[in-house]
Amino acid sequence: MILDSHAHMDVVPSLGWYDTAEKLVLRMDEAGIAKAAISGYLNAPGPNPDSLKTIAQAVEKYPDRLIGYARMDPWFDDECIKTLEDAVANLGMRGVKLHPAHYTLYPFGALTVKLCRRAGELGLPVLFHSGDEMMCLPYQIDRLAEQCPETTIILGHIGGYFSGDAALRVGERRDNVWVDTSEMPFPQMVRQAVDRLGAEKVLFGTDAPCCDIHLEIMKVKLAGLTDEQEALVMYKNYAKMMNLPVEGQ
Amino acid sequence: MKTVDAHVYIGESLFDLGQTPEELLRLMDEAGVDQAVLIANKPKGYALWEANQAVAQAVNNYPDRFYGMVRIDPWQKEAALEDLKRFWEVHGLRGLLLHPWEELFQVSLALVDPLVEYAAMEGMPVMVEAGYPLVSHPLDIAELARRHPQATFIGTHGLQLDGAAFALTDAEIAMRECPNIVMETSGMYAPDVMENLVRDLGVERLVFGSHSPWLDLRLEAERARRLKLAPEEKEAVMGGNILKMLEERR
């Protein structure tokens with residue numbers, strides 16, 4: 001069984017991205033992904049007032065396959081929090097996605113801390129784009145994680161191309177920080193993450209459909225994990241985090 | 001179909017990424033790669049000249065499996081040009097490798113011009129390690145390529161190393177603006193961009209490379225093989241294009 005903790009669907013012509021739910025589910029079928037967490041490419045509140053509805057409609061169409069995350073912009077403060085509460089109550093959102101380079105706020109600043117604390121109270125994990133861009137650096141997100149010990153924070157891409165060691169140091173020091181394997185190209189970084197954080201804190205993710213799911217799986221296979229470690233990474237950890245049923249249990 | 005990896009480092013490495021020719025050959029066999037273009041790692045003693053010689057030696061030892069490029073530090077100025085000439089004329093290395101991140105120069109600096117002019121004159125491709133913060137952004141490479149329309153550049157990593165995908169657009173702009181840039185596939189997470197490139201700008205604009213051992217040769221070979229291309233296009237991308245570039249000699 002494979003659960004993908006980091007995927008996307010959205011259609012944003014101005015960015016040139018046409019990633020429909022149908023396209024994602026087709027790729028999931030080809031690669032044997034049971035369920036995927038999806039977020040859009042634009043923040044809410046933001047330029048597309050229907051961005052969260054688009055995600056909710058995709059989840060409604062594929063309720064057994066997709067899990068909706070609200071991609072948000074903390075600049076909007078109380079309006080953002082209200083949008084999130086509404087998205088949980090009425091649109092079935094189960095997580096928050098933040099890409100601070102898209103809205104340019106320090107992740108450790110008061111607005112993001114407030115949003116992440118509320119997400120924690122609502123029982124939602126917060127998935128960050130982490131990487132080499134300003135506002136997305138692991139040590140910046142570290143200073144958020146410290147202020148939100150009750151919120152589950154996921155560092156997407158294990159810090160990207162150059163910030164992998166930093167992401168793992170943050171994961172080592174914070175009980176509330178996980179990492180996901182998506183997009184970055186290093187099997188050895190998956191291995192290091194498991195060795196340094198424990199396999200329980202490493203989540204499989206694909207960043208599909210931008211990334212090729214087949215290669216994302218192969219990357220984990222090349223990491224040389226034990227069967228039990230691989231099972232934790234590929235589905236058990238995420239199933240536990242999101243309280244999802246697991247095959248055969 | 002012959003599979004040729006256009007982008008592999010060998011030798012001891014300052015950055016603990018060493019690989020011997022024999023270790024590489026085992027990896028290539030495992031990944032179904034017939035031939036590879038070797039580049040010298042930056043060695044612990046910093047002497048690129050010695051490392052380039054080791055590349056020439058490996059090519060000599062395994063002429064059926066390896067080609068070589070010469071790695072030059074432009075900060076060496078006149079000595080850099082002399083090295084480039086010697087490794088091209090005497091040692092048979094067939095391309096110029098610029099590593100702006102490890103040799104620390106922005107690739108669009110005038111410092112690079114004499115090397116590129118020589119490479120263009122002789123018909124050597126110029127591979128640029130692309131996407132490193134501040135030194136080899138796609139538009140830095142475009143700037144260099146526009147200044148040297150007679151030279152052929154290979155931009156590694158799809159011209160970018162940007163997990164946030166902002167630089168994919170810049171890479172596409174650089175490829176459209178500069179017909180003398182060829183994209184290399186290693187670590188490039190967006191297959192659509194590479195497939196569109198082949199469709200829109202021509203199959204000769206894309207080559208397979210792995211950037212082993214920094215990246216995993218097995219994963220990178222699979223990345224290139226997975227591209228949705230026609231069989232003759234695949235043949236060109238997986239080896240035909242780079243062989244043509246290496247065999248060109250003016």
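Atom OH of A:Tyr106 has 12 or fewer neighbouring heavy atoms from other residues, nucleotides or ligands inside a 6.0 Å radius. A 6.0 Å sphere centred on CH2 of A:Trp17 holds more than 12 heavy atoms belonging to other residues, nucleotides or ligands.
Nearest heavy atoms, B:Gly163 versus A:Tyr161: N-CE1, 3.8 Å. Shown here for A:Glu133 and B:Asp162, the closest heavy-atom pair between the two residues is OE2-OD1, 3.1 Å. The minimum heavy-atom distance between A:Leu222 and B:Arg218, with the atom names listed, is CD2-CZ, 3.6 Å. Considering every non-hydrogen atom in both A:Cys210 and B:Pro191, the closest pair reads O-CD, 3.3 Å.
In terms of heavy-atom pairs under 4.5 Å with chain B, the best-connected choice from A:Glu216, A:Gln188, A:Lys221, A:His214 is A:His214.
Taking CE of B:Met188 as the start and CG of A:Asp212 as the end, the distance is 12.5 Å to the nearest 0.5 Å. If you take CE on A:Met218 and CZ on B:Arg226, they are separated by 10.0 Å, rounding to the nearest 0.5 Å. Note that CG of B:Leu215 and CZ of A:Phe186 are 5.5 Å apart. Values are rounded to the nearest 0.5 Å.
Between A:Phe162 and B:Tyr132, the angle of the ring planes lies from 30° to 60°, which puts this pair in the tilted group.
Taking the six-membered ring wherever Trp is involved, the centroid distance between the rings of A:His102 and B:Phe166 falls below 6.0 Å.
Looking at heavy atoms from C-beta onward, B:Leu219 lies in side-chain contact with A:Pro187 at the 4.5 angstrom threshold. Counting heavy atoms from C-beta on, the side chains of A:Pro185 and B:His157 never come closer than 4.5 Å.
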